[in-house]
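Read through the structure below, which is laid out as structure tokens, and then see the notes.
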Amino acid sequence: MKNKLSQLRDEFLRQLTEVKDEITLRELELKYLSRKGELGVLLRSLKDLSVDSRQAAGTMANEIKQELQDKFQEALKLFSARQTKNIPIDVTLPGAKMAFGHLHPITLIQNELEDLFTSLGFMILDGPELESDYYNFTALNVPASHPARDMQDTFYIDKKNKDGEYDLLLRTQTSPMQIRAMQKYGAPLKLIVPGRCFRNEATDARHEHTFYQMEGLVVAKDINFANLKSFLEIVGQKLFGPATKLRMRPKFFPFVEPGNNGEYTCFLCQGKGCRVCKNTGWLEIVGAGLVHPSVLEAGGLDPEVYSGLAFGFGLTRLAMLKYGINDVRFFQSGDLKFLEQF
Ligand code: PHE
């Protein structure tokens, strides 16, 4: 019995030296010192001994019990003290890092342009991505049978209207908001419309079914081509720096007359010719023109009284140029390796 008791004592003390926290200390207490613990079992077995040996073993057992309980209490004090006041807190240690999100590259460009245009007194409008055939095409001077419809194929919604026609589609451009805005606010009017557009494209590094544009519209009395040119110059200088030059070349868009493509001197080579501008020195950035009289009419305005200018940027294209992104499909890929670079 005495042997067993001293073995138990040694084992307890050895394990006590290995205890590292309060939880393992409590486990040790449970294993040895609780009522059903090993010491308890030994104490209860004392009654089976002869009277003589019971007395000697009993004294020893009580001494050991006291000793182990003292040691346990001592250790317990140590751990709980550490937990409350004595833990030295090192305030210079780095904290747990929080994962921050950040803005998408297209949003960054959009914000930059919104800041510019609000500073020029433009309002910012949102518009429906699911548009009617009327607003996306017909009201913009592209009647149903017009070949200009071929320039922008899109996704039609598989639902007929009450006349048995498929007239809902994903908008191919932000231009339908020109009509909606004129109808709602009348003239004079200065607005931009950033937003998502869609086209039925065979996707590759330069074509994507989903992309972002920003439309601009100014309607008032006596708006002319010089106004358009000066707005586009301001935009180019904001986007690509004060030395940026603009050139305007004729281009057909059904809803403007005359229509043109605004090109800026390449921001990378300053017009000398490089990889980005395909050695031309110029970057095609913006479609623009004076608002076609039929479009003003569709917007409920009298073209004899009012005139307007309109322009449209590809925000996606701007982001590709600005950040040197060579594949348009990255924008929607959700690929963190791409996104975390911005
Ligand atoms: N909506 C035209 C496009 O998507 C761009 C544009 C806007 C052209 C406004 C002229 C005026 O190609």
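Numbering of ligands and ligand atoms starts at 1, following listing order.
Using a 4.0 Å cut-off between charged nitrogen and carboxylate oxygen, D133 and R149 count as a salt-bridge pair. Looking at E11 and K31, no side-chain N of the basic residue comes within less than 4.0 Å of a carboxylate O on the acidic one, giving no salt bridge.
The minimum heavy-atom distance linking I223 with G308 is given by the pair CG2-C, 3.8 Å.
Cluster membership check: I192 does not share its hydrophobic cluster with M182, using side-chain heavy-atom separations under 4.5 Å among Ile, Leu, Val, Met, Phe, Trp and Tyr.
At least one N or O atom of Q173, backbone or side chain, sits closer than 3.5 Å to an N or O atom of ligand 1.
Of all protein heavy atoms, the one lying nearest to atom 12 (O) of ligand 1 is F253 CE2, 3.7 Å. Nearest protein neighbour of atom 4 (O) of ligand 1, counting heavy atoms only, is Q213 NE2, 2.8 Å.
Using a 4.0 Å cut-off between heavy atoms, R199 contacts ligand 1 through its side chain alone, with no backbone atom that close. In C197, neither the side chain nor the backbone holds a heavy atom less than 4.0 Å from any atom of ligand 1. Under 4.0 Å from ligand 1, the heavy atoms of F311 that appear belong solely to its backbone.
Ligand 1 lies less than 4.0 angstrom from a heavy atom belonging to S175.
Two rings, from F338 and F330, have their centers less than 6.0 Å apart.
Not counting sequence neighbours, the partners of F231 by the ring-ring contact (aromatic ring centres under 6.0 Å, His included) test are F122.
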